[in-house]
Amino acid sequence: HKLKMSDRNLKKATELYRDLENAWNIKDLQDVGNLLSKLKVHLLNLSFLPTGSNVAEMDDRPLLIARSMLEIGAFWSLECRDVFSFERYIAQLKSYYFDYAGILKESDYKYPILGLNLMRLLAQNRLAEFHTELELFPPDQLRNIYLKKPVSLEQFLMEGNYHKIFLSKEDIPDPYYALFINILIDTIRGEIACCAEKAYTQILIPEAQRLLMIDNIEDLRAFVGRRGWNLDSTQQYYSFSSEDLKPENEMIKSPTLIAQCLSYARELEKIV
C-alpha cells in the first residue's frame, strides 16, 4: 500500500509550518510551543512515514516539513533551557538525518544539531553514549566545525586540561554551545570542590577562586553557598561543613590529593 498525503492535507501542514517558522523567527516561544504541538498532531494523523520498499517512492515534501519542524523544536528546547525536550527531538531527528538520507536533501542544520547533541552528552558525563554517537560519522566528517568542538572538549576533559575547557567559551561555532559548556564547567567545578572538601578543612579565598576557575567574587560566594562552605571570622578562608571536617592531624595541606583524585577519575573513565 502506497502511503500518500493528499494535496489538502499537505497544504494544511504547509500552512501550519509557515506559522511555526514565523513565530520562531520573532522568537515567540509560547506560540512556537503551541504550533509545534498542533503540527505534530497533524502529521501523526496523516501517517505519512515511509516503510518497507516504498521509501524510494515517497513524496519528500511531508518529510521535509516534519524534519524542519523537529529542528525548530530542538532549537526551541534550548531557548527554553529544556535539555530533556532537546533530547527527545534529537531522537526523532536521527531518523531523518540517517535513515532517510537517501531520499532527503541534507539539512543545513544537521551538523549544528548533532554537534549540540554531542555537547549535551559530554556535559551530562554520558561518555559511553558520546563515543557511540561519534561512530555514526565517517572520520572525515569529524573535521566538521560543529563536530570538532565537542571532540576537542572531550580530549581536554580526558587530559584534565580544564583551563582550556573554560577558555573554549570564547570560541564556539554556535551560541547554543555555550549552554552545554557552562553545564560542563559546573560539573567540573563540582568535582574539584568535592576533592577539596576531602583534602582540606579550609581553603584560602584566592586559592578557591583559582581551583574553581571563578574570577568574580559574587559568583564564588554563590557557588560555595550552594555547597555549604562557611566564611571564617578572618574573612580569609572558607571552611567546609561539619561532616566534611577532619581532625587537624589528618589535614592534608598540599593540593597533591586534589590532583590525584582528578587523575584517578580520568583514568577510571578511560577504562570504562
Side-chain angles (χ1 to χ4, degrees), residues 81 83-84 87 118-134 149-170 172 177-272:
R81 300 298 187 265
V83 176
F84 294 107
E87 183 174 359
L118 290 173
M119 292 293 297
R120 173 185 66 86
L121 294 171
L122 199 59
Q124 294 175 332
N125 201 28
R126 294 161 63 174
L127 297 185
E129 293 173 68
F130 177 88
H131 288 286
T132 299
E133 291 294 309
L134 285 183
K149 189 64 175 183
V151 171
S152 297
L153 288 175
E154 193 264 349
Q155 183 177 352
F156 296 153
L157 187 63
M158 292 299 99
E159 294 171 353
N161 200 335
Y162 303 136
H163 187 62
K164 281 192 176 180
I165 295 176
F166 183 78
L167 293 177
S168 68
K169 293 192 297 183
E170 307 301 323
I172 53 178
Y177 278 58
L179 169 65
F180 293 113
I181 290 178
N182 287 333
I183 294 173
L184 179 59
I185 289 173
D186 285 344
T187 301
I188 291 170
R189 283 175 177 153
E191 292 298 320
I192 293 173
C194 184
C195 290
E197 291 163 358
K198 289 176 171 57
Y200 303 114
T201 58
Q202 58 184 17
I203 186 171
L204 281 166
I205 292 175
E207 183 67 7
Q209 286 183 284
R210 186 186 68 80
L211 281 177
L212 298 171
M213 298 175 291
I214 301 178
D215 295 327
N216 186 287
I217 193 64
E218 293 300 325
D219 291 341
L220 178 66
R221 287 171 182 166
F223 179 86
V224 302
R226 291 193 296 271
R227 298 195 66 88
W229 295 8
N230 301 307
L231 190 63
D232 80 327
S233 58
T234 67
Q235 305 287 301
Q236 294 181 335
Y237 291 88
Y238 282 114
S239 60
F240 307 131
S241 56
S242 58
E243 60 266 25
D244 294 321
L245 292 179
K246 302 171 183 61
E248 182 65 25
N249 60 359
E250 293 183 13
M251 181 177 174
I252 300 175
K253 301 181 183 299
S254 168
T256 302
L257 183 56
I258 294 179
Q260 287 178 341
C261 287
L262 294 173
S263 176
Y264 295 155
R266 290 193 298 273
E267 291 303 318
L268 284 172
E269 192 63 61
K270 289 179 184 178
I271 294 171
V272 172

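For reference, positions follow the sequence shown, starting with 1. Since this is a predicted model, take the numbers as computed values, not measurements.
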Does atom NZ of Lys164 have more than 12 heavy-atom neighbours from other groups under 6.0 Å away? no
Heavy-atom check, side chain of [X] versus side chain of [Y], under 4.5 Å:
X	Y	answer
Leu121	Thr132	no
Ile185	Lys169	yes
Pro206	Arg210	no
Tyr238	Ile205	yes
Leu153	Met119	yes
Ile192	Ile188	yes
Met158	Leu127	yes
Ile217	Gln209	yes

Which residues pass the side chain to side chain contact (heavy atoms under 4.5 Å, CB included) test with Asp186, not counting sequence neighbours? Arg189
Could you pull out all residues at least two apart from Arg226 that satisfy side chain to side chain contact (heavy atoms under 4.5 Å, CB included)? Ala222, Phe223
Taking only residues two or more places apart in sequence or in another chain, which ones pass salt bridge (charged side-chain N to carboxylate O under 4.0 Å, His left out) with Glu218? Arg221
For [X] against [Y], the heavy-atom pair lying closest together:
X	Y	result
Pro150	Leu122	O-CD2, 3.6 Å
Phe166	Met213	CE1-O, 3.5 Å
Phe240	Ala196	CE1-O, 3.4 Å

Ion pair check, Glu197 and Arg227, cut-off under 4.0 Å: yes
Residues that Glu133 engages under side chain to side chain donor-acceptor pair (under 3.5 Å), provided they are two or more places apart: Lys94
Residues at least two apart in sequence or cross-chain that pass side chain to side chain donor-acceptor pair (under 3.5 Å) with Gln124, listed by chain then number, are Arg120, Arg126
Measuring from atom OG1 of Thr187 to atom CZ of Phe180, what distance do you get when rounded to the nearest 0.5 angstrom? 12.0 Å
With sequence neighbours left out, which residue pairs that include part of residues 228-237 fulfil the salt bridge (charged side-chain N to carboxylate O under 4.0 Å, His left out) condition? none
